[in-house]
Amino acid sequence: MVPWALLLCVPLVATTSAIAKVPAVSKTLGVAPDLLKKYTPTKAGTWKCLDGSKEIPWEFVNDDSCDCVDGSDEPGTGACPDTQFYCKNEGHIGSFIPSSRVKDGLCEVQCCDGSDETSGICPNNCKEIGEEYRKKLNAENKLRKTGSKIRSSYITFAHKEKKRLEADVAKLAEDIIVKEKEVERLRDVAERTESLSQAALEQKKQSPLYQSLITHNKALKALQDEYKKQLQRDKDLSSILTSLRTGYNPNYQDMAVLEAVRGWEELAGLPHINDVGKDKAKDDEKKEDAVVLKDVESKDGEVEDEDEDVWTKERLDKDLDGLLNTDHVSLLLSHDEHANEPFHDSLLFELSNYLPDSLLPTYEEFKDQLTSFLSKLGIIRSSGSDSANAEANRARQALTEAEGELRRFKMESADSTRDLEKIFQPDGFGKDGEWRKLKDMCLNVESGDYTYEVCFFNEVKQKPNSGGQEFSLGRFSTWDPDLSTDSPKYHRKQVYRHGTRCWNGPERSTVLLLECGLENVLHTVQELEKCEYQITGTSPALCLPLEGENGKKPKHEEL
């Protein structure tokens, strides 16, 4: 017979065995590698909190009860608030998660080994994730390695450009000194050779020809001002009508709006907004009808002969300012010189060609006496006066040309000096000058009905593919204004501001976002807000070199 005391002990033994099978949490679970050496007990079996505020039994570490003020005794549980749990992620990269997510029944992406949950709940995917990560990292490193070589060539270009600009600035400084001396000399010559007194010159300015020139000049200036106002007005109207064309509801039967849209499409040479993308045969038929109609209208209308001297819009934009800045005094003196040239076909001055040599001295004496007499009577101007006027005019013209050249030298020197100052500035062309190669380089990308053009450090434009008004989307303003110049991401964003103002809206602006790539190319265009655009692209200028072996940066290559 079994004693009752022995029977009573059986459940107790079974319970004790069951408890013994429950795995204890590792004392170093959730501890970062750099802190592992601090998680060892003393010989007395105690452990000190990392902040040094308390010493507790070693058994209290990771026992799911917060004992230390800094929470350092519970690295592998969620018992202490505002602490971090470290996932080893063997086969991939270790990472931290908030301790509050430990043993919450959810598999965290950052813990691909599942160590934040009880064993068996989350699978260990670190091997697969690590392999995919390394594959992606190798591709990125290969891209950076190749791109950094291109970037290196950009830096080489910047150093060469620096030397060229320094040589240009030095040469221009010498040219300016020489030209300034020449201008002073020519000014002195002009003042000495101009024989006309100020009173005589003022009298000449009262001539009908000179007064007419001044009147025409003022009229041209007024017309130019009106022309510029009209151009701006046309741009504004074009923007309004384009917005109306793309934004109105064709199902809303407002004939006035429809007539305005159709009229604008016909004037701008645009297809009807509702016909875009329809059957090509119909489009071709409409084009043919339009050509026939145009031929009929041209036959019915008056045909005007083309005049090569007619000023086109391009010529107006290019040459009108020069015409308005004409030196009318020099022009007046040139006219006088031309008007007083002897008439070479007259019998008096050409008779010497037909006289025998024996009579030439008598003839020349007679001619001199006659021309002197006519000059005193004011009928013709003496050759001396003509010569003086011609010399004065040539001196003035030489002075004007020299002054224009001096201005050009100074402008070129100022531009080269500005480029030289910015070439190795972080907020200019980068501290290595890697962006100087891209100055004024223009890239294009099509999006919808438009082609977008970005000219680095200059301007962004929107050009309609079917004809019509193009718009400025801003001129280069700054790199990323939200970051400091020493940030590695500083050169990933360019901001272009003060573009063409939207109708009833702000000025157009653009943010250009760039990443490392083997080519300078644009990818996408978005209008995030009204008249605010975002363009993405790539450039080798952003491909920084990889770190060398053992984490050391590679030595600077000789340029």
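Panel note: side chain Ser416, backbone Ser413; no donor-acceptor pair is recorded below 3.5 Å. Side-chain atoms of Ser152 never come within 3.5 Å of backbone atoms of Ser148 as a donor-acceptor pair (strictly under, hydrogens ignored). Between the side chain of Thr510 and the backbone N or O of Leu473 there is at least one donor-acceptor pair closer than 3.5 Å. At least one donor-acceptor pair closer than 3.5 Å links the side chain of Asp113 to the backbone N or O of Asn89. Put simply, the side chain of Ser72 gets close to the backbone of Leu50: a donor and an acceptor are under 3.5 Å apart. Under a 3.5 Å cut-off, the side chain of Asp480 and the backbone N or O of Lys493 do not form any donor-acceptor pair.
Within the structure, side-chain hydrogen bond (donor to acceptor under 3.5 Å, both in side chains) pairs that include any residue of residues 33-43 comprise Thr42-Thr46 (at least two apart or interchain). Every pair passing salt bridge (charged side-chain N to carboxylate O under 4.0 Å, His left out) that includes a residue from residues 457-474 is listed here, sequence neighbours excluded: Glu453-Lys463, Glu459-Arg475, Lys461-Glu470. For residues 518-536, the side-chain hydrogen bond (donor to acceptor under 3.5 Å, both in side chains) pairs, not counting sequence neighbours, are Tyr154-Asn520, Asn520-Ser539, Thr524-Thr536.
At least one side-chain heavy atom of Ser115 sits less than 4.5 Å from a side-chain heavy atom of Phe85. In this structure, the side chains of Phe429 and Leu438 stay at 4.5 Å or more apart for every pair of heavy atoms. The closest side-chain heavy-atom distance from Lys145 to Lys142 is not below 4.5 Å. Inter-residue side-chain proximity for Asn62 and Pro75 is flagged as met; some heavy-atom pair is nearer than 4.5 Å. Inter-residue side-chain proximity for Lys160 and Arg436 is flagged as unmet; no heavy-atom pair is nearer than 4.5 Å. Counting only heavy atoms from C-beta outward, the side chains of Lys162 and Leu420 approach each other to under 4.5 Å. A heavy-atom distance below 4.5 Å is found between the side chains of Ile535 and Val454.
A salt bridge links Arg164 with Glu161: the closest approach of a Lys/Arg side-chain nitrogen to an acidic carboxylate oxygen falls below 4.0 angstrom. Between Arg151 and Asp432, at least one side-chain nitrogen of the basic residue sits less than 4.0 Å from a carboxylate oxygen of the acidic one, meeting the salt-bridge criterion. Contact check on Glu412 versus Lys171 returns no salt bridge, with no Lys/Arg side-chain nitrogen under 4.0 Å from an Asp/Glu carboxylate oxygen.
A distance of 13.5 Å separates NZ of Lys54 from NZ of Lys48, quoted to the nearest 0.5 Å. Atoms SG and CG, from Cys442 and Asn458 in turn, are 7.0 Å apart once rounded to the nearest 0.5 Å. The distance from the OG1 atom of Thr146 to the CG atom of Leu518 is 6.0 Å, given to the nearest 0.5 Å. Put simply, CD1 on Ile423 and NZ on Lys439 are 10.5 Å apart, with the number rounded to the nearest 0.5 Å. Taking OG of Ser477 as the reference point, atom NE2 of His498 lies at 6.0 Å (rounded to 0.5 Å). Separation of atoms CZ (Arg492) and CG (Leu542) is listed at 7.0 Å; rounding is to 0.5 Å.
Within 6.0 Å of atom CG in Asp82, 12 or fewer heavy atoms from other residues, nucleotides or ligands are found, so the atom counts as exposed in its surroundings. When the shell of 6.0 Å around CE of Met411 is examined, it contains 12 or fewer heavy atoms from other residues, nucleotides or ligands. Around atom CD of Glu90, no more than 12 heavy atoms belonging to other residues, nucleotides or ligands sit under 6.0 Å away.
A search for side chain to side chain contact (heavy atoms under 4.5 Å, CB included) contacts involving Glu59 returns Pro57, not counting sequence neighbours. For Phe96, the ring-ring contact (aromatic ring centres under 6.0 Å, His included) criterion is met by Tyr86, not counting sequence neighbours. A search for ring-ring contact (aromatic ring centres under 6.0 Å, His included) contacts involving Phe409 returns nothing, not counting sequence neighbours.
When all heavy atoms are compared, the tightest approach of Cys49 to Asp70 is CB-OD1, 4.2 Å. Listed here is the closest heavy atom pair of Leu165 and Asp419: CD1-CB, 3.9 Å. Among all heavy-atom pairs drawn from Gly147 and Cys543, the shortest one is C-CB, 3.5 Å. Listed here is the closest heavy atom pair of Cys516 and Leu143: O-CD2, 3.9 Å. In this structure, Thr485 and Pro426 approach most closely via the heavy-atom pair CB-CB, 3.8 Å. What you find for Cys80 and Ser99 is that their closest heavy atoms are O-CB, 4.5 Å.
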Salt bridge (charged side-chain N to carboxylate O under 4.0 Å, His left out) evaluation trace for Arg418 with Asp415: CA-CA 5 Å; Arg418 279 194 297 269; Asp415 291 342; 2.2 Å; yes

Residues Lys437, Ile155; criterion side-chain contact (heavy atoms from CB on, under 4.5 Å); working and verdict: CA-CA 8 Å; Lys437 179 78 172 180; Ile155 295 173; over 6 Å; no

Worked check of side-chain contact (heavy atoms from CB on, under 4.5 Å) between Gln230 and Arg233: CA-CA 5 Å; Gln230 186 65 32; Arg233 182 171 176 271; 3.5 Å; yes

Stepwise side-chain contact (heavy atoms from CB on, under 4.5 Å) check, Cys68 with Trp47: CA-CA 11 Å; Cys68 294; Trp47 182 80; 4.0 Å; yes

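In summary, the side chains of Asp63 and Ser65 do not present any donor paired with an acceptor at a separation below 3.5 Å, with no hydrogens or angles considered.
Taking the six-membered ring where tryptophan is involved, the planes of Trp479 and Phe457 are perpendicular, since the angle between them exceeds 60° and thus also 30°. Classification of the Tyr133-His92 ring pair by plane angle, with boundaries at 30° and 60°, yields perpendicular. Aromatic ring orientation, Phe456 versus Trp435: tilted (interplanar angle from 30° to 60°).
Per the SG-SG cut-off, Cys122 and Cys107 are bridged by a disulfide [distance under 2.5 Å]. Distance check for Cys126 and Cys112: the SG atoms are under the 2.5 Å cut-off.
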